[in-house]
Asks: 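Pasting a structure below so you can have a look.
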Amino acid sequence: MERFLTDLFSFFDLAPRGAFKIKGEQIDGAFTHEGTDYLLEAKWRDEPSANADLYTFAGKIDGKLKNTLGVFISMSGYSKDALESNSHVNKLMILLDGADLVMVLENRISLPDMI
């Protein structure tokens, strides 16, 4: 999945950087869009991503520069508690799912416009 996302983000000139580790943290990737740095988290599992997954990723974002945000891609979507959370986590990241990626791949919206 990481290679696919790197190729997709490259296609839209978003200057992706592949997976890397910082101080014991695994980051699935990163990119820059309109002067903002984004960290990328990608989950390809059968079950929807839970609120705990979002909090874990938010902790990675919080430790970076103030203008860093995140994009969390969960191919199976998100649990109800993750979507209904009104915490600061929602202000730190954009949530995308498999249907969002299909829209990009079908050329219904560009990835930069979606972000």
Side-chain angles (χ1 to χ4, degrees):
M1 171 124 166
E2 290 172 10
R3 176 70 183 166
F4 165 75
L5 291 175
T6 298
D7 290 346
L8 182 65
F9 281 68
S10 290
F11 179 80
F12 287 102
D13 297 321
L14 293 173
R17 294 175 295 284
F20 57 95
K21 290 185 180 188
I22 306 174
K23 299 177 188 175
E25 292 180 343
Q26 170 67 35
I27 307 292
D28 291 341
F31 64 96
T32 301
H33 176 55
E34 295 182 349
T36 299
D37 293 323
Y38 290 85
L39 297 182
L40 180 65
E41 181 77 9
K43 300 288 185 194
W44 194 299
R45 349 179 238 204
D46 291 333
E47 69 276 354
S49 293
N51 206 23
D53 298 318
L54 303 182
Y55 272 96
T56 299
F57 185 47
K60 295 177 184 181
I61 298 167
D62 273 340
K64 307 306 177 270
L65 298 174
K66 282 190 173 191
N67 70 333
T68 302
L69 297 173
V71 172
F72 194 113
I73 301 173
S74 176
M75 295 305 290
S76 296
Y78 300 89
S79 66
K80 186 177 178 181
D81 67 322
L83 293 175
E84 292 179 352
S85 174
N86 289 320
S87 70
H88 78 286
V89 170
N90 296 27
K91 297 175 180 93
L92 295 175
M93 68 186 78
I94 298 166
L95 304 181
L96 302 178
D97 62 19
D100 294 320
L101 288 184
V102 167
M103 288 175 41
V104 171
L105 295 172
E106 290 178 345
N107 203 28
R108 292 191 279 160
I109 186 169
S110 73
L111 187 55
D113 286 346
M114 182 173 283
I115 294 168

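This structure is a prediction, so every number in the text was calculated from the model and none was measured. Computed from heavy atoms alone, side chains included, the values below leave out hydrogens, waters and symmetry copies.
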Asks: Answer whether the closest heavy-atom distance between the side chains of V104 and F12 falls below 4.5 Å.
Replies: yes
Asks: Could you work out, with side chain to side chain contact (heavy atoms under 4.5 Å, CB included) as the rule, every residue matching D81, not counting sequence neighbours?
Replies: N51, S79
Asks: Under 4.5 Å between side-chain heavy atoms, hopping through other hydrophobics if needed: is there a path connecting I94 to L105?
Replies: yes
Asks: Out of curiosity, T32 OG1 to R17 CZ, how far, rounded to the nearest 0.5 Å?
Replies: 4.5 Å
Asks: Working to the nearest 0.5 Å, report the span between CD of E41 and CD1 of I61.
Replies: 9.0 Å
Asks: Evaluate the side chain to side chain contact (heavy atoms under 4.5 Å, CB included) criterion for residues H33 and L111: first the C-alpha distance (whole Å), next the side-chain angles of each, then the deciding distance (0.1 Å), finally the verdict.
Replies: CA-CA 10 Å; H33 176 55; L111 187 55; over 6 Å; no
Asks: Sort and list the pairs that fulfil salt bridge (Lys or Arg N to Asp or Glu O under 4.0 Å) and have at least one residue in residues 6-15, not counting sequence neighbours.
Replies: R3-D7
Asks: Would one find more than 12 heavy atoms of other residues, nucleotides or ligands at under 6.0 Å from atom CZ of F11?
Replies: no
Asks: Roughly how far, to the nearest 0.5 Å, is CG of D97 from CE of M103?
Replies: 9.5 Å
Asks: What distance do I115 atom CD1 and F31 atom CZ have between them, rounded to the nearest 0.5 Å?
Replies: 3.5 Å
Asks: If you look at every heavy atom in Y78 and A82, which pair is closest and at what distance?
Replies: CB-CB, 4.1 Å
Asks: Given the rule in the side chain to side chain contact (heavy atoms under 4.5 Å, CB included) test, do D28 and I73 qualify, once you have shown the distances and angles that lead to the verdict?
Replies: CA-CA 10 Å; D28 291 341; I73 301 173; over 6 Å; no
Asks: Any side-chain heavy-atom pair from L95 and S74 closer than 4.5 angstrom?
Replies: no
Asks: Determine yes or no for a side-chain-to-main-chain donor-acceptor pair under 3.5 angstrom, with S76 supplying the side chain and R45 the backbone.
Replies: yes
Asks: In Å, rounded to the nearest 0.5 Å, how long is the span from CG of D53 to CZ of F72?
Replies: 5.0 Å
Asks: Please round to the nearest 0.5 Å and tell me the distance separating atom CD1 of I27 and atom NZ of K60.
Replies: 5.0 Å
Asks: Do any pairs count as a side chain to side chain donor-acceptor pair (under 3.5 Å) and have a residue in residues 98-107, sequence neighbours left out, and if so which ones?
Replies: E106-R108
